[in-house]
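Below is one structure, written out as structure tokens, with a few remarks after it.
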Amino acid sequence: MKALLLNKFLHPNGGSETYIFKLGEALEQHGHEVQFFGMEHEGRCVGNRVNAYTSDMDFHGGSKLSKLTYPIKTIYSSEARKKLRLVLDDFQPDVCHLNNFNYQLTPSIILEIVKWRKKTRHKCKIVFTAHDYQLVCPNHMLNNSVTHENCEKCLGGHFMNCTKGKCIHGSTAKSIIGTMEAEFWKLKGTYKYIDTMICCSEFMKSKMDSNPLFAQKTVAMHNFIDKVEWKEVQKKDYVLYFGRFSEEKGIGTLIKVCKELPDVQFIFAGTGPLEESIKGVSNIQNVGFQKGEALERLIREARFSIYPSEWYENCPFSVMESQMYGTPVLGADIGGIPELIQVGKTGELFGSGNAGELKKKIQKLWENRSLCEEYSRKCKGISFDMIDEYYEKIMKVY
């Protein structure tokens, strides 16, 4: 089988890139041919045989002329269609697997696949993995960037609400462009050509299903995780938060609670806009951004970790990773987080944004060491899909 994986970035940039790289490796290991299509970039590490890629779009730089043309290019890209056609004619894929494509590649690439498929009569399935809520929410997050409140006003195709709420970076101009992009492709009905939409949580599937067209195509498949070796470690006396220090991650609420629990030691590992808020809190040690063995050790040795998010998280890798390393999670009851925690076995939940409940749950776990140890032991039996299990599922989709 020939699989063409499409994503706007073809260099390490975030979760969707990790996903396509590892999925591509798994497909090749099982004897399938894999090529990639997206933007050219100095860090590009995957590609296609004809070296056809779209121009790198830098929304934060570039000439004044390029900035004037960006609004048009982010809605429709004739360049992406032409470059993709070169790849399609050469590679002749059996599956085109779309990932993050809006704004840089644009949904126009779907029209080119359909046009090519019709002309050549080549059977080629179109699959899409939703890494965010882009197709039902112009700002991707179902969250207003001005008020930081979760928002579902655009669900059902009511995209003008994006402009009304200045939902994209608090900018009227950017929100208008996002609204125009969503309305344009809704009117063209382009997404009807997608055969299957993979959602990384049941929660995400429920939001995607708010569009009756999508409801016929969605399937929920949690993201895969790397295999982790189980180790018996000596737990240390601290509670861990690792991730981004930002409003939507619930850091403001967590810091407030930390101040009210001076006898509990917290370690924060990460960076972000609310980093200054951590300074001066005596029981919080900020160790900065960590990765690799240093982060693994922090996770393994923590009594428990906290994931206090206040936006509609999809399938947070951190929640899975913590449990795989034998550390129970106290997670916010929001988005896809509850799907990943076995309450009373591998962790507990609290009401997202509810400082009072979060405080009580932290006190409960901190003061009951044996309960944390029990949860930790039960983490040993937890099961998330590794890439091999995910491969078997995705082949059924293909």
Side-chain angles (χ1 to χ4, degrees), residues 8-9 11-18 58-61 100 102-103 131-134 137-151 162 165-175 177-178 238-261 265-291 294-295 298-299 302 305-319 321-322 329-332 334-337 350-355 358-359 362:
K8 55 189 178 185
F9 301 122
H11 62 276
N13 187 68
S16 66
E17 289 72 48
T18 301
D58 179 10
F59 293 124
H60 304 289
N100 283 346
N102 291 81
Y103 298 137
H131 296 277
D132 56 33
Y133 302 100
Q134 170 68 42
C137 169
N139 92 332
H140 302 212
M141 293 178 63
L142 289 175
N143 184 280
N144 185 295
S145 61
V146 178
T147 64
H148 300 293
E149 295 176 345
N150 295 319
C151 170
C162 175
K166 298 182 182 181
C167 293
I168 300 179
H169 302 152
S171 164
T172 298
K174 291 179 180 179
S175 299
I177 293 170
Y238 64 85
V239 179
L240 177 68
Y241 170 81
F242 61 107
R244 183 168 166 76
F245 303 155
S246 57
E247 195 76 38
E248 75 278 1
K249 292 292 186 180
I251 288 299
T253 302
L254 179 57
I255 293 172
K256 177 179 181 292
V257 171
C258 290
K259 292 177 179 177
E260 297 174 4
L261 295 171
Q265 180 61 47
F266 296 88
I267 290 182
F268 282 26
T271 58
L274 296 185
E275 194 163 351
E276 286 295 317
S277 303
I278 300 169
K279 292 182 179 179
V281 183
S282 60
N283 59 329
I284 299 178
Q285 180 186 358
N286 179 12
V287 296
F289 178 76
Q290 300 287 315
K291 62 180 180 178
L295 178 59
L298 275 174
I299 299 171
S305 67
I306 299 180
Y307 206 84
S309 196
E310 293 177 8
W311 79 284
Y312 293 151
E313 292 278 359
N314 301 317
C315 181
F317 177 68
S318 300
V319 174
E321 186 178 35
S322 183
V329 179
L330 174 56
I334 194 170
I337 296 173
F350 71 95
S352 177
N354 188 327
L358 174 58
K359 180 180 178 180
I362 292 175

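For Gly252 against Leu274, the heavy-atom pair with the smallest separation is N-CD1, 4.2 Å. Ser145 approaches Ile168 most closely through the heavy-atom pair OG-C, 3.9 Å. What you find for Asn283 and Gln265 is that their closest heavy atoms are O-NE2, 3.3 Å. Considering every non-hydrogen atom in both Pro138 and Cys162, the closest pair reads CB-SG, 3.7 Å. The minimum heavy-atom distance between Phe268 and Leu254, with the atom names listed, is CZ-CD2, 3.5 Å. Between Asn314 and His131, the shortest heavy-atom contact is ND2-O, 3.3 Å.
Using bins of under 30°, 30° to 60° and over 60° for the plane-to-plane angle, the ring pair His140/Tyr103 lands in the parallel bin. Ring geometry for Tyr241 versus Tyr307: interplanar angle of 30 to 60°, hence tilted.
With rounding to the nearest 0.5 angstrom, the CG atom of Leu240 is 12.5 Å from the CG atom of Leu330. Put simply, CG on Leu142 and SG on Cys151 are 7.5 Å apart, with the number rounded to the nearest 0.5 Å. Distance check, rounded to the nearest 0.5 Å: SG of Cys137 to CG of Asp132 gives 8.5 Å. Interatomic distance, NZ of Lys174 versus CG of Asn139, reported as 12.5 Å (0.5 Å rounding). Considering CD1 of Ile267 and CD1 of Ile284, their distance stands at 11.0 Å, rounded to 0.5 Å. In this structure, CG in Leu358 is found 4.5 Å from CZ in Phe350, a value given to the nearest 0.5 Å.
When atom types are taken as modelled, the side chain of Glu260 and the backbone of Val257 share no donor-acceptor pair closer than 3.5 angstrom. At least one donor-acceptor pair closer than 3.5 Å links the side chain of Ser175 to the backbone N or O of Cys167. A donor-acceptor pair is defined here as one N or O able to donate and one able to accept, closer than 3.5 Å; no such pair exists between the side chain of Glu248 and the backbone of Glu310. In this structure a side-chain-to-backbone donor-acceptor pair under 3.5 Å is missing from Thr253 to Ala355. Although no hydrogens or angles enter the test, the distance criterion places a donor-acceptor pair under 3.5 Å between the side chain of Asn144 and the main chain of Gly165.
Asn100 has its side chain out of reach of Phe9: every pair of non-hydrogen atoms, C-beta onward, lies at least 4.5 Å apart. Looking at Phe266 and Val281, their side chains never come closer than 4.5 Å, going by heavy atoms from C-beta outward. At least one side-chain heavy atom of Lys249 sits under 4.5 Å from a side-chain heavy atom of Glu313.
No more than 12 heavy atoms of other residues, nucleotides or ligands shown are found within 6.0 angstrom of NE2 on His169. By the 6.0 Å contact criterion, NZ on Lys166 is open, its count of non-hydrogen atoms from other residues, nucleotides or ligands being 12 or less.
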Verdict with reasoning, Thr18 to Phe317, per side chain to side chain contact (heavy atoms under 4.5 Å, CB included)
CA-CA 12 Å; Thr18 301; Phe317 177 68; over 6 Å; no

Evaluate side chain to side chain contact (heavy atoms under 4.5 Å, CB included) for Ile337 paired with Ser309, printing each intermediate quantity in order.
CA-CA 9 Å; Ile337 296 173; Ser309 196; 4.0 Å; yes

Ile334 vs Trp311, side chain to side chain contact (heavy atoms under 4.5 Å, CB included): CA-CA, chis, key distance, verdict
CA-CA 7 Å; Ile334 194 170; Trp311 79 284; 5.7 Å; no

Leu298/Phe242 under side chain to side chain contact (heavy atoms under 4.5 Å, CB included): CA gap, chis, key distance, verdict:
CA-CA 9 Å; Leu298 275 174; Phe242 61 107; over 6 Å; no

